[in-house]
> 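Let me begin by handing over the structure; questions about it come next.
The residues of the chain are indexed from 1 along the displayed sequence.
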Amino acid sequence: MSGHGTPTPMTSHRADPLAGVAKVPGDKSISHRSLILGAMAVGETRISGLLEGEDVLDTAKAMQAFGAEVINHGGGKWSVFGVGVGGFAEPDNVIDCGNSGTGVRLIMGTMATSPISVTFTGDASLNKRPMARVTDPLALFGAQAVGRSGGRLPMTIVGAADPVPVRYVVPVPSAQVKSAVLLAGLNAPGQTVVIEKEATRDHTERMLEGFGAEITTEETEEGRVITLTGRPELKPQVIAVPRDPSSAAFPVCAALITPGSDVLVPGIGLNPTRAGLFTTLREMGADLTYENERVEGGEPVADLRARYSPSMQGIEVPPERAASMIDEYPVLSVVASFARGETMMVGVKELRVKESDRIDAMARGLRANGVAVREGDDWWAVTGLGPEGVPGGGTCESFLDHRIAMSFMVMGMAAQNPVSVDDGGPIATSFPIFEPLMTALGAKFTHA
């Protein structure tokens, strides 16, 4: 069932060729960070193209609770009048981050070096997710966390009254952990240093620099060393949010597996730390091209054209690519079902602690639709049945996970029989226009 209301069962039926232009929403990662950094700047930050899904709207409400003025002008245009680094007020009420692991972890980092106490909660899915990976490094600054067993929400963070700078080696690749530490470092004196052995998405570093923070990145034998000088005065910005590559994954993958399809997905952010799926699809033999490549707001952007690709082959996805496509493995496994041969995905243990255990959730759903899956702690393998070879006909649990629900909706467009999910409600957290956008391209969805 959805954490945001009554369950919404959905069924995806075999589609005619998909065609048209898919204008997906703004990037979720950049949308969260635009609101948070805008709230920590002094003056008005103007944002266009903001993703207005539930996750991001929950972050906007949180920034208001901390004392920033947040104005929705309509059409994805927003203003944030910030309170400055260290200027957060203590909220009157609990901060509800809904389904968003990114939102809650980034906000925890942002407030952890201010002398305020904040209680966080979320929906049923978020309240099962581990927070110790963030609260452990925040404790090094002097913050304290009290939550449920296993480091789970609801949880109260008592911010450090006299924070100290931190040098922290991120134990597992996680942009959320890295970002939480860097955001905490903004209000700590001296230099906070984060070392990551494997590069993760670098939106936080790019945007901190854009807002005027003193931040450097150096590649060393230890890994990527990021050094942030604390207590800057962040300058308000004008931000045009590029379209979300994680959302683009769904119309792109649907076009690749649905016979006769030709879909253009314009203005997609192709930051190298986010574009691993598209690289992988092209290695599999997908007819996926980049058109009109350009740079917007410091981020590489292109229009993606995806055409039906019946000759795709299974491959082994290299583990070092995992961080750049961690959210896209569910829909990749759907594409792998329509390829020939086995697709092996390794080094993906992080999938076990997302909105759901995504390896388990996808394995169950794929098997319910006639696809063979092998899995281990940090790997899984899908045996492809070739173009138009997936039987379908199964009903899948979404486990309150938007990406699981959307992935199986994509499968149904090309399977021999309809594919259903028990609850499509969570889709609204990240991709509120998913259904009308896909229907306009030719998808056929029904509701129970």
Side-chain angles (χ1 to χ4, degrees), residues 24-41 45-66 68 70-72 76-80 82-83 88 91 95-112 118 120-123 125-126 129 131 133-134 153 174-184 186 200-211 213 234 236-247 269 271 273-274 297-299 326-327 354-355 402-403 426 428-432:
V24 304
D27 186 282
K28 185 152 71 100
S29 296
I30 295 175
S31 293
H32 280 300
R33 289 161 173 81
S34 298
L35 292 167
I36 291 170
L37 290 173
M40 299 180 78
T45 290
R46 286 177 286 162
I47 307 166
S48 61
L50 189 85
L51 169 63
E52 294 178 341
E54 291 170 358
D55 282 2
V56 174
L57 296 179
D58 285 334
T59 293
K61 292 174 188 172
M63 294 305 101
Q64 288 178 306
F66 286 114
V70 181
I71 301 171
N72 179 2
K77 295 182 178 180
W78 292 64
S79 293
V80 182
V83 295
F88 275 8
I95 299 295
D96 187 344
C97 290
N99 188 248
S100 181
T102 299
V104 71
R105 292 181 177 126
L106 266 57
I107 297 167
M108 282 179 174
T110 305
M111 57 73 50
V118 183
F120 295 90
T121 191
D123 68 8
S125 170
L126 187 61
R129 298 178 67 182
M131 294 296 140
R133 57 172 55 189
V134 169
L153 304 179
S174 172
Q176 293 177 0
V177 174
K178 170 183 68 176
S179 298
V181 175
L182 289 173
L183 291 169
L186 281 172
T200 62
R201 59 184 65 177
D202 63 354
H203 302 304
T204 301
E205 297 97 300
R206 289 175 183 251
M207 294 182 73
L208 280 168
E209 184 177 6
F211 273 84
L234 299 184
Q237 299 296 302
V238 176
I239 300 171
V241 179
R243 298 184 192 272
D244 195 325
S246 295
S247 295
N271 184 307
T273 63
R274 294 287 302 283
E299 296 273 350
I326 196 66
D327 288 328
K354 286 291 192 176
E355 281 84 337
H402 50 123
R403 300 200 194 281
T429 65
S430 69
F431 200 160

> For the residue pair I95 and M111, establish whether any side-chain heavy-atom pair is separated by less than 4.5 Å.
no

> Regarding D244 and R274, does a basic nitrogen lie under 4.0 Å from an acidic carboxylate oxygen?
yes

> Have N99 and D55 got a donor and an acceptor in their side chains that come within less than 3.5 Å?
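Checked: N99/D55 side chains show no N/O donor-acceptor pair below 3.5 Å.
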
> Distance from I30 atom CD1 to L37 atom CG, nearest 0.5 Å?
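I30 CD1 to L37 CG: 11.5 Å, rounded to 0.5 Å.
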
> Mind listing the closest non-hydrogen atom pair of I107 and F120 along with its distance?
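Scanning both residues completely, I find the closest heavy atoms to be CG2-CE2, 3.6 Å.
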
> How long is the gap from CH2 on W78 to CG on N72, to the nearest 0.5 Å?
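Going from the CH2 atom of W78 to the CG atom of N72 covers 4.0 Å.
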
> Keeping the roles fixed (side chain from S48, backbone from K77), state whether a donor-acceptor pair exists under 3.5 Å.
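Not at all, since once roles are kept as given, no pair shorter than 3.5 Å links the two residues.
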
> Could you check if a side-chain atom of F88 sits within less than 4.5 angstrom of a side-chain atom of M40, using non-hydrogen atoms only?
yes

> Taking C-beta and beyond as the side chain, do T429 and S100 meet within less than 4.5 Å on heavy atoms?
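They are not in side-chain contact.
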
> Would you indicate whether the side-chain heavy atoms of E52 and P432 approach each other to under 4.5 Å?
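Contact flag for P432/E52 side chains = no.
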
> When you compare the side chain of H32 with that of Q176, does any pair of heavy atoms fall below 4.5 Å?
no

> Can you see which heavy atom on A68 is nearest to which on V80, and at what distance?
CB-CG1, 4.4 Å

> With a 4.5 Å cut-off on side-chain heavy atoms, are L208 and L186 touching?
yes

> Can you tell me which residue among H203, E205, R33, R201 is in a side-chain hydrogen bond (donor to acceptor under 3.5 Å, both in side chains) with S179?
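Per the side-chain hydrogen bond (donor to acceptor under 3.5 Å, both in side chains) rule, the option paired with S179 is R33, out of H203, E205, R33, R201.
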
> Would you check, one step at a time, whether the test side chain to side chain contact (heavy atoms under 4.5 Å, CB included) holds for T45 with F211?
CA-CA 10 Å; T45 290; F211 273 84; 3.6 Å; yes

> Heavy atoms, side chains only, cut-off 4.5 Å: are L183 and M108 in contact?
no

> Could you tell me which non-hydrogen atom of F431 sits nearest to which non-hydrogen atom of P25, and how far apart they are?
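Closest pair (atom of F431, atom of P25, distance): CE2-CD, 3.3 Å.
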
> Taking all heavy atoms of R46 and all of S79, pick out the closest pair and write down the distance.
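It is CG-OG, 4.0 Å.
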
> Under 3.5 Å, is there a donor-acceptor pair between the side chain of E355 and the main chain of S125?
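No, the answer is negative, given that no donor and acceptor are paired below the 3.5 Å cut-off.
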
> Could you check T102, L126, L106, D123 and say which one makes a side chain to side chain contact (heavy atoms under 4.5 Å, CB included) with C97?
L126

> Using the side-chain hydrogen bond (donor to acceptor under 3.5 Å, both in side chains) definition, which of the options D202, T204, T200 pairs with K178?
T200

> Do you know the tightest heavy-atom contact between I239 and M207?
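Closest approach of I239 to M207, heavy atoms only: CD1-CE, 4.1 Å.
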
> Counting C-beta onward and ignoring hydrogens, is there a side-chain heavy-atom pair between D327 and K354 closer than 4.5 Å?
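The answer is yes, as the side chains (C-beta and beyond) meet within the 4.5 Å cut-off.
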
> Are the side chain of E54 and the backbone of A428 linked by a donor-acceptor contact shorter than 3.5 Å?
no

> Could you walk me through whether R129 and M131 pass side chain to side chain contact (heavy atoms under 4.5 Å, CB included), step by step?
CA-CA 7 Å; R129 298 178 67 182; M131 294 296 140; 4.2 Å; yes

> In this structure, are over 12 heavy atoms from other groups packed under 6.0 Å from E209 atom CD?
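It does not: E209 CD has 12 such atoms or fewer within range.
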
> Is the backbone N or O of L51 less than 3.5 Å from a side-chain atom of S31, with the two atoms forming a donor-acceptor pair by type?
yes

> Main chain of V24, side chain of R243: is a donor-acceptor contact present, judged purely on distance under 3.5 Å?
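It does hold such a pair.
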
> Locate the shortest heavy-atom distance separating S430 from S247; write the atom from each residue and the value.
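Here S430 and S247 meet closest at O-OG, 4.2 Å.
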
> Does one side chain, of S246 or K28, offer a donor that lies under 3.5 Å from an acceptor on the other?
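Judged by distance alone, the side chains do not pair up.
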
